[in-house]
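Reading through the structure tokens given below for one structure.
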There are 2 protein chains.
Amino acid sequence: MATLKDVARLAGVSVKTVSNVVNGYEFVKPDNRRRVEEALATTGYRPNIGARNLRRGRTGSLALVLPELSIPYFGEMAGLVLEAAQEHEWNVLIEQTLGTRERERATLAALGPHMIDAAIVSPEALHSRDFDELDPGIPVVMLGEHSVDVPIDHVGIDNVRAARVATQHLIDLGRRRIAAIGAHPYRGTATQRLEGYRSALTAAGLPVRHDLIVQALNYHRRDGAEAMAHLLSLPEPPDAVFCFNDLLAIGALRAAAEHGTRVPQQVAVVGFDNNEESAYSMPSLTTIAPDKAAIAHSAVDLIRRRIKGGQELDPEDVQTPFSLEIRESTR
Amino acid sequence: MATLKDVARLAGVSVKTVSNVVNGYEFVKPDNRRRVEEALATTGYRPNIGARNLRRGRTGSLALVLPELSIPYFGEMAGLVLEAAQEHEWNVLIEQTLGTRERERATLAALGPHMIDAAIVSPEALHSRDFDELDPGIPVVMLGEHSVDVPIDHVGIDNVRAARVATQHLIDLGRRRIAAIGAHPYRGTATQRLEGYRSALTAAGLPVRHDLIVQALNYHRRDGAEAMAHLLSLPEPPDAVFCFNDLLAIGALRAAAEHGTRVPQQVAVVGFDNNEESAYSMPSLTTIAPDKAAIAHSAVDLIRRRIKGGQELDPEDVQTPFSLEIRESTR
DNA sequence: GTGAAAGCGCTAACAG
DNA sequence: CTGTTAGCGCTTTCAC
């Protein structure tokens, strides 16, 4: 592997000149430039990024910390973050936490400032004090979950409002026994979505019935199926269900079908996330569609701002747009 | 940020001793060890991985190059590769190519030996000569697509056999007009799956009907839906369809439903990949289930072998197991 | 415009 | 067992 020195020797100039050429410095004698470029070509020189970063005091990499790539929402988000980061020539190092607090914390603590310039974290189970272990020198932006008591940049949609929109849609359909699947004891987003659901019901003069609010400790398809099976076994089953993510909703659709309950005629279903698969489920799924590309770009922009502006800037909370995608499951 | 030197000064020893302690070297005078460990703790020292790697001549990172994380198969595979790599303390840097040859080639060419120790590549559109641009010093293992004429390690399932199993399953069901969706002019896996499909038909004494073989230039749900709609509009529509991946099959299921064709009664459907969503589609999807964890682990193992053994070793082709997952779409 | 040389933080000969 | 030191490949003053 050719180094700067090799190229310099071959071109008969100093490393400085080669470095100048490589880095696009303007003022290089044309003659030298030509010789250097020739030498560059014949050696097939490629800069050692590690060495460059060591010298520059940066790494050129971002960490993206998320629960699991196999979960469609995170797979899609990761892809978009990769694209957004690439626009600024960042490499992205992905870390999975599998949604356990222990691994989220360990990952956060291991985020030394030497491997990465900054991190984008999508936490699922973190407590706010876990952030104490975080190296203060490295900028972090949080996605989704929002711990208000930690002064960290955040980007996401307004979960309360989105949940209200989803629930209102079911109310507008004339549904009156509207269930919710996905309540969770400490997940912040779950709490917010539950609040939006409640406030929509209350605003419409409908009762908030606790037997129609089903907890889900995980948000996988299986959990949605179980919750829906339970709801349909009730003496008075719901005529609509708001699921706190699409996977729960997909599971719910299957449970409804197995129970012989027709969607949307007997029970309407709304999801959250707009996973790609939700446009193709049977029936296709009405869902809250966050602008994921906007989330990815905002996250990368926040990082850039933080790297430039330092840790003194006030933490920012960027709210990205969302829409309600109406499909067969409520039509 | 504390450096080795800082710690050494604080502990009143040389950097060597600190380095020894940090790297778990055994023979350190207990007294010194204690002082160093104290200094380590009070400074909160963390090694600069970049510097260490520069010195050691390695990077501690793998690249994982794939088309798109939002495609379920790749999302799932990426998650498993991350886990497998982590067992050997590798970081994983993910690069998306969006399946275009241009970006696959560019990524391959940019894979300097300075950012990564090795790469796991899941190509979609590469030509064999694109591998010429690859730095010969960096080990690469290919996933899925298999360019026989390039001497590179490969891991994947036996596509021909898997396709034969899938097709045979449909034959065993008594189906006689079995279509295929997903033929592709230069995708190697498509060619292999088509071959397996053909050979199963031929072995059963069934004709290979070209009007029942549908090309798909992309492998998304939409493409499957289009292909299925076409097949169902035929004067003599098929009584079974073998789709070359699950996304195509999911699209096909939807097209069938929209056409009022019942699955599996009128047309049975088999997919390929066993995406998580396929267990929850309506109907759930019979599919070829590659052992994805085995693929991930084999890939990482091949890399380790190659890094130890050098580029002289003969390229290896690891075939990982698969099974046929029988679900409602053929029941 | 360009060269010489220092140094980013670390590891590993080499002495002792 | 531990200290000194060279050097990984690069960028960047500072002279010239």
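Below, chains carry the letters A, B, ... as their sequence lines are ordered, and counting in each starts from 1.
- Distances were taken from every side-chain heavy atom of B:A51 (C-beta onward) to each of D:dT2, C:dC10, C:dC8; the shortest belongs to C:dC10.
- Applying the side chain to side chain contact (heavy atoms under 4.5 Å, CB included) criterion to A:N48, with sequence neighbours excluded, gives A:A51, B:L54, B:H114.
- Not one side-chain nitrogen or oxygen of B:T3 sits closer than 4.0 Å to the OP1 or OP2 atom of C:dG9.
- Residue B:R55 places its side chain closer to C:dA12 than to any other of D:dC10, D:dT2, C:dA12.
- In terms of phosphate contacts, A:N32 brings no side-chain nitrogen or oxygen within less than 4.0 Å of OP1 or OP2 of C:dG1.
- Rounded to a whole Å, the CZ atom of B:R9 is 14 Å from the P atom of D:dG3.
- With C:dC10, C:dT2, C:dA12 as the choices, the nucleotide that has an atom nearest any side-chain atom of B:K16 turns out to be C:dA12.
- Applying the 4.0 Å criterion to OP1 and OP2 of C:dC10, one finds that B:S19 has every side-chain N and O outside that range.
- By the neighbour-count criterion of 12 heavy atoms within 6.0 Å, atom CD of B:E89 is sparsely surrounded, having that number or fewer from other residues, nucleotides or ligands.
- Rounded to an integer number of Å, the gap from NZ of A:K5 to C1' of D:dG9 is 9 Å.
- The CZ-P distance, from A:R56 to D:dG9, rounds to 17 Å in whole Å.
- When heavy atoms are screened at a 4.0 angstrom cut-off, B:N53 is found touching no nucleic acid atom at all.
- If you measure from atom OH of A:Y45 to atom P of D:dT11, you get 6 Å, rounded to the nearest angstrom.
- A sub-4.0 Å separation between OP1 or OP2 of D:dT11 and a side-chain N or O of A:N23 is present.
- Regarding A:L4, its CG atom lies at a distance of 15 Å from the C1' atom of D:dG7, rounded to whole Å.
- Under a cutoff of 6.0 Å and an axis angle of 45°, A:R33 and A:F27 do not form a cation-pi pair.
- You'll find that the side chain of A:F27 is closest to C:dG1, out of C:dG1, D:dT2, C:dT11.
- When distances are taken from the side chain of B:N48 to each of C:dT2, C:dC10, C:dG3, the shortest belongs to C:dC10.
- Two end axes, each from the C1' atoms of five base pairs, can be drawn for the helix from C:dG1-D:dC16 to C:dG16-D:dC1; they diverge by 40°, to 10 degrees.
- Of the two residues contacting DNA chain C, namely A:Y25 and A:V15, the nearest-nucleotide position lying further toward the 5' end is that of A:Y25.
- In the model, B:T59 has no side-chain atom that pairs as donor or acceptor with a side-chain atom of B:N53 under 3.5 Å.
- Residues passing the side chain to side chain contact (heavy atoms under 4.5 Å, CB included) test with B:V15, sequence neighbours excluded: B:L4, B:K5, B:A8.
- Within the structure, every side-chain polar atom (N or O) of A:R52 is placed at least 4.0 Å from both OP1 and OP2 of D:dG9.
- For the pair B:L54 and B:P30, nearest-nucleotide mapping onto DNA chain D gives the more 5' position to B:P30.
- Straight-line distance from the CG atom of B:N20 to the C1' atom of C:dG9: 16 Å, rounded to whole Å.
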Please assess B:D317 against B:V155 for the test side chain to side chain contact (heavy atoms under 4.5 Å, CB included), listing each intermediate value before the final yes or no. CA-CA 6 Å; B:D317 187 356; B:V155 34; over 6 Å; no
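- Between the side chains of A:S70 and A:E68, at least one donor N or O sits under 3.5 Å from an acceptor N or O.
- Comparing D:dT2, D:dC10, C:dT2 against the side chain of A:K29 picks out C:dT2 as the nearest.
- Distance CD/A:E95 to CG/B:L82: 7.5 Å, rounded to 0.5 Å.
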